[in-house]
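As structure tokens, the structure follows; a few thoughts come after it.
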Amino acid sequence: MAQVEKRGGLLRKSSASKKPLKEKVVLMYDEIFMTEDPSKCSPRFWEELFLMKVNLEYLEGKLESLDGEELMKIKDNINCLFQHCIQALGEDHPIRVVNALQTLCALIRGVHQKNKSTSGFDIINMLMGFDKAELCMKNLMESLDSLLCAEGSESLKSLCLKLLLCLVTVTDNISQNTILEYVMINSIFEAILQILSHPPSRREHGYDAVVLLALLVNYRKYESVNPYIVKLSIVDDEATLNGMGLVIAQALSEYNRQYKDKEEEHQSGFFSALTNMVGSMFIADAHEKISVQTNEAILLALYEAVHLNRNFITVLAQSHPEMGLVTTPVSPAPTTPATPLGTTPPSSDDEHRLHSGKLCLIILTCIAEDQYANAFLHDDNMNFRVNLHRMPMRHRKKAADKNLPCRPLVCAVLDLMVEFIVTHMMKEFPMDLYVRCIQVVHKLLCYQKKCRVRLHYTWRELWSALINLLKFLMSNETVLLAKHNIFTLALMIVNLFNMFITYGDTFLPTPSSYDELYYEIIRMHQSFDNLYSMVLRLSTNAGQWKEAASKVTHALVNIRAIINHFNPKIESYAAVNHISQLSEEQVLEVVRANYDTLTLKLQDGLDQYERYSEQHKEAAFFKELVRSISTNVRRNLAFHTLSQEVLLKEFSTIS
Amino acid sequence: MGDTVVEPAPLKPTSEPTPGPAGNNGGSLLSVITEGVGELSVIDPEVAQKACQEVLEKVKLLHGGVAISGRGSPLELVNGDGVDSEIRCLDDPPAQIREEEDEMGATVASSTAKGARRQRQNNSAKQSWLLRLFESKLFDISMAISYLYNSKEPGVQAYIGNRLFCFRDEDVDFYLPQLLNMYIHMDEDVGDAIKPYIVHRCRQSINFSLQCALLLGAYSSDMHISTQRHSRGTKLRKLILSDELKPAHRKRELPSLSPAPDTGLSPSKRTHQRSKSDATASISLSSNLKRTASNPKVENEDEELSSSTESIDNSFSSPIRLAPEREFIKSLMAIGKRLATLPTKEQKTQRLISELSLLNHKLPARVWLPTAGFDHHVVRVPHTQAVVLNSKDKAPYLIYVEVLECENFDTTSVPARIPENRIRSTRSVENLPECGITHEQRAGSFSTVPNYDNDDEAWSVDDIGELQVELPEVHTNSCDNISQFSVDSITSQESKEPVFIAAGDIRRRLSEQLAHTPTAFKRDPEDPSAVALKEPWQEKVRRIREGSPYGHLPNWRLLSVIVKCGDDLRQELLAFQVLKQLQSIWEQERVPLWIKPYKILVISADSGMIEPVVNAVSIHQVKKQSQLSLLDYFLQEHGSYTTEAFLSAQRNFVQSCAGYCLVCYLLQVKDRHNGNILLDAEGHIIHIDFGFILSSSPRNLGFETSAFKLTTEFVDVMGGLDGDMFNYYKMLMLQGLIAARKHMDKVVQIVEIMQQGSQLPCFHGSSTIRNLKERFHMSMTEEQLQLLVEQMVDGSMRSITTKLYDGFQYLTNGIM
């Protein structure tokens, strides 16, 4: 890269002086940009061209400088160049192949940059010509496929992947990239899988391969049958899935590590808590540098794998290196802006983080719905120490997290949800994220109830977080109601409590934890009382929220029964014993003594949930996400593709 | 081989002291002899010789010429005498020996000839009485080993080498360490005598080949490196590992292992079975082909000829035989090495699980666990169940291994891989509804799960492929998760009437359900194995079976093994052999002492595998987890003093205590802290870790001078010093010691042979064997012995060193 800049500098300097000293390749490019066939006067023109070192800046710049009409004039030569590039891919000499690949990159990008407004069909015509496009692309994809699968040079494979990434990301909206239609017909899916299943190639190209796959899967996802979706959903080769998992896990752990470094840098003295558990449990694999921003692409890849392929979760759970993976997406989530209410509104960068947070929660939702993943999360034999990043907050002391207990992974997920709940109560209320967060907890509880898993978890923290959230909703009623239907969220929270109250016998760890639940409800009865009066008020008015609010009223029936049953008993206990303030133990004693006279109502559908569905609800989100990933990948590619020095060095020794 | 009632005429005179006909079978004959020996206080061949001399004179006239004729033939002549009990075992060897001779080539042949020549020269009276002894029915493997070791006569050694073929494989297998150690460290003649047998067995069994190769390596390791390279042991090891000893005529093995074919079996099944006539045919075939048998090409043709109908037999000629297994062992050891580099137990556990999950990707494979007692293929390692064991610097770990039992390891093809996710469909149907059911109910319902039970007979390898395909279909009627989840809510919806529940009921159900869960140990990151070991084995098997994609197969079995890396298990193996010997002596003498020898696989001088004792946790773990005294723990686990369960647990405790006290005394087992003593679910104690026995003791601190470990806590469980059980305990010890004394030579022999060429610390010094013999107190009367037991018990009780040692262990290792 530095080399390139230097060269660029040199060129500019010489052009500033008198006559630019042109490279031979540049002269040849100029010939292409004439209307005449360059091979007319020199029949070996094309052969020679691919022996020349590619000057990407020049080629791209030249293409960019031409407008649509000018470009149409030299269409024949461009077509010719494109075809010869593809021909050169089949040649034995690696230098030619490298040059052809790079020329193709430049061509595709150059044409697109110029023609942002024109349709995809124009671009196909410009590059290949309609008549030859199909054959052309077939040859190209076949060549790339064989290059990727061959036992050839790693750098060559890398360049192939870069070309593919370049091809996939030239448009902002991947679904408008018409050339991809040919990539759909001539699948390179198998080549990608092969890269992922072989450890050496996975180490080198795993990241690119996974990102490429994630993007290809998103091409016209909802409109047509995308063969990559179909194929990805039926992959069951464990080595391949394992490889995919490893790549993702590694990228995520790298992200976590960088985040931690950054945090420590900024807040020296402050004890950072984000530790990637992944690092400690990894079986050594090559280390790859990934920039902090690119985690969206890898998260998307994780999402697609989890969502589309039912075997992936098995591998995720079964094979240990991926274990971190389940929690790693988790770790970026608390890194979403936890700006406390009253401070600056989220910036655009924060919005990007909200995206990641949402994606993480979606992934967790999928995981929480999956039987196998749940079995794994709750497995008592698999204990982990997960260090979650905890936001520094005014009202809570930083606990020394050194002595984190080693627990089943689900505890970490629950901790994370609790952490999210307490840290995101802000003016720009992330309603959608909260709903997802509560859903994750609910799905986990449903599993525990179903399978009678008695998790040794301090549920009290969850309960008090939920009650605090209710309090927040009520105190900001007017602000929030302007934007959101807070009653859906309130209903979900109340129903979580109902789950504990009516089905607590099936999943609570000890009888005393059931007592504690009652204690917590009684202690915080004011909040429930307030909530009740609020929803009652709104449900009696014939307002917009009538129906939503009345649902909450009904859901509160058991909580109110508990409060109304025990409060008088506690008061009389205090009166009889002449105590003004009862201790926790005393309240618990009253609770234990008076269960039998309390009758609860069995509510419907507490343990039912709507399964996650992408197409109906999340399509817009994913479109936007893929758009931003495409832009990002394209931007990063700009630097990578150009570094040819390594390749040249490698091949000069071969030849 | 001794079922038939035969009276070997020549032997009659030996039993002269006993009036009337000499017993009905070999067993009583043996006891007669050994009792006599007991009176003489030593088995002295010379004495026996004199006693028999006269009678043997006659025999010499009869058989003198026979001995000259060389290997194999004496037996045939005996055979000719009409001793039909011998016939069965003689069926094989002659043919086999001829075959071996040819294949071994000139060296063996010449050495045999040499042996025969010497035999001729020494054709004395001594020779013939020995011959009579050898031919007698009471000549067992233990005696054979003893003569092989003690005799200086090459002829005798060669003869015994031949006789090895007549013993049951299992009997000889027990002495394999001794045989191989003799092969490595004793003179050429002994080696030449043993080799044909070893080679023959290696051809038959891949497991035997592996064990031989491993033991040869381990017992050669004490030699100087320069001699080691060219030693006989190393050469034989190379020969075995080169896989040149692949089975020449493996099908001979099949009939004995598999029952006669049923009529209603699939064709594929029938191909695996051969009737006896087939077997004999192939034997005659082999003897006909003996000239060409050394040529592998011809051998292959021969195989193809005889197996032209069986495609599966192609696997016979496959070049890899030991390679996959060695690779498997290597990767297990590599895991151990990598674990050792990690600082905390937790990290070790996580790494272990992760490593095993990767190992899983390579299974099923043509690999097996050598510690198992049956043929099988390893199909899966349930990696999440593996635990790291307590050890300070090394990282031994325990893994569970799922295997599919098979008729014959070599002929059965490797099971097809069933992907891990196949279990998911099964889970949703069978396991989910079960989750909430109590253990008893689950146990009842589980019997319905294996649908393939009735296929048990018809099971053949070829079905696996089909099964795998069938599997999803079997379970396609699985209801999806949503409908499952909402069963109870839907019912309440349909009724429309509001349903009321009492809060008190919910609370009550919660406490009741929790009360029903059995006493499990709490999870302790510093002691991850405690929980895993406390779980009842049957419970564990059921749980793992439910979670395994192979669990539905009727031949599915669960095994467990401890992998030790960096530890020398040769002493453990020696201890195992001694314990096994004592166990069979006590069984034979009907002394109800209880000990549990656990199998050892020596892989090299610093690695190996141990078969874990199931349903047992260390006393240290018991005390740490329960925070109770041992007696209170017994009361908690088994019930109060008068219950049947407690009384039988107490009896088991006493019988095992007595057994292990004797073992500890005889073998001088040291380092007896509570981490090294296990307690099983039935109340038995089991001593583990025989790292310090005979002449070695830890750090030579002079601790643990008492004969064995007997703490007041132990005595409390027995019911106190004055209790009947304590008297029973002492009585058992006395009986056990008397019985052991009677068969002292069988015990000493094991140790003595292993001392050859060994640098093991337990053989340190020159008086190891002498001291061992002295501890049997051959010269004492039973009254004196009783006094000795009293003294030892007394001494151990009062011994301050035991207490000191426990305190020392607590301070240094944190063991309670």
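Chain identifiers are assigned alphabetically (A, B, ...) following the order of the sequence lines, protein sequences preceding nucleic acid strands; residue numbering begins at 1 within each chain. Hydrogens, waters and symmetry mates play no part in the numbers below; they use all other heavy atoms, side chains included.
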Are there over 12 heavy-atom neighbours, none belonging to A:K551, within less than 6.0 Å of that residue's NZ? no

Heavy-atom contact with chain B under 4.5 Å, split by part of A:T597: neither

Given a strict heavy-atom distance threshold of 4.5 Å, which part of A:I501 is in contact with chain B: side chain, backbone, both, or neither?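 Only the backbone of A:I501 comes within 4.5 Å of chain B.
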
Approximate separation, where rounding is to 0.5 Å, of [X] [atom1] and [Y] [atom2]:
{"X": "B:F500", "Y": "A:N558", "atom1": "CZ", "atom2": "CG", "result": "9.5 Å"}
{"X": "A:Y595", "Y": "B:D505", "atom1": "OH", "atom2": "CG", "result": "12.5 Å"}
{"X": "A:Y514", "Y": "B:R508", "atom1": "OH", "atom2": "CZ", "result": "11.5 Å"}
{"X": "B:I506", "Y": "A:F500", "atom1": "CD1", "atom2": "CZ", "result": "13.5 Å"}
{"X": "B:N360", "Y": "A:N242", "atom1": "CG", "atom2": "CG", "result": "11.0 Å"}

Check this for me: does any side-chain nitrogen of one of A:D515 and B:R507 sit under 4.0 Å from a carboxylate oxygen of the other?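 Answer for the salt bridge query: yes.
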
What are the two closest non-hydrogen atoms of [X] and [Y], and how far apart are they?
{"X": "A:Y518", "Y": "B:A503", "result": "OH-CB, 3.6 Å"}
{"X": "B:G504", "Y": "A:D596", "result": "CA-OD1, 3.5 Å"}
{"X": "B:L510", "Y": "A:D505", "result": "CD1-O, 3.6 Å"}

Which bit of B:R338 is near chain A, if near means a heavy-atom gap under 4.5 Å: side chain, backbone, both or neither?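 No part of it gets close to chain A.
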
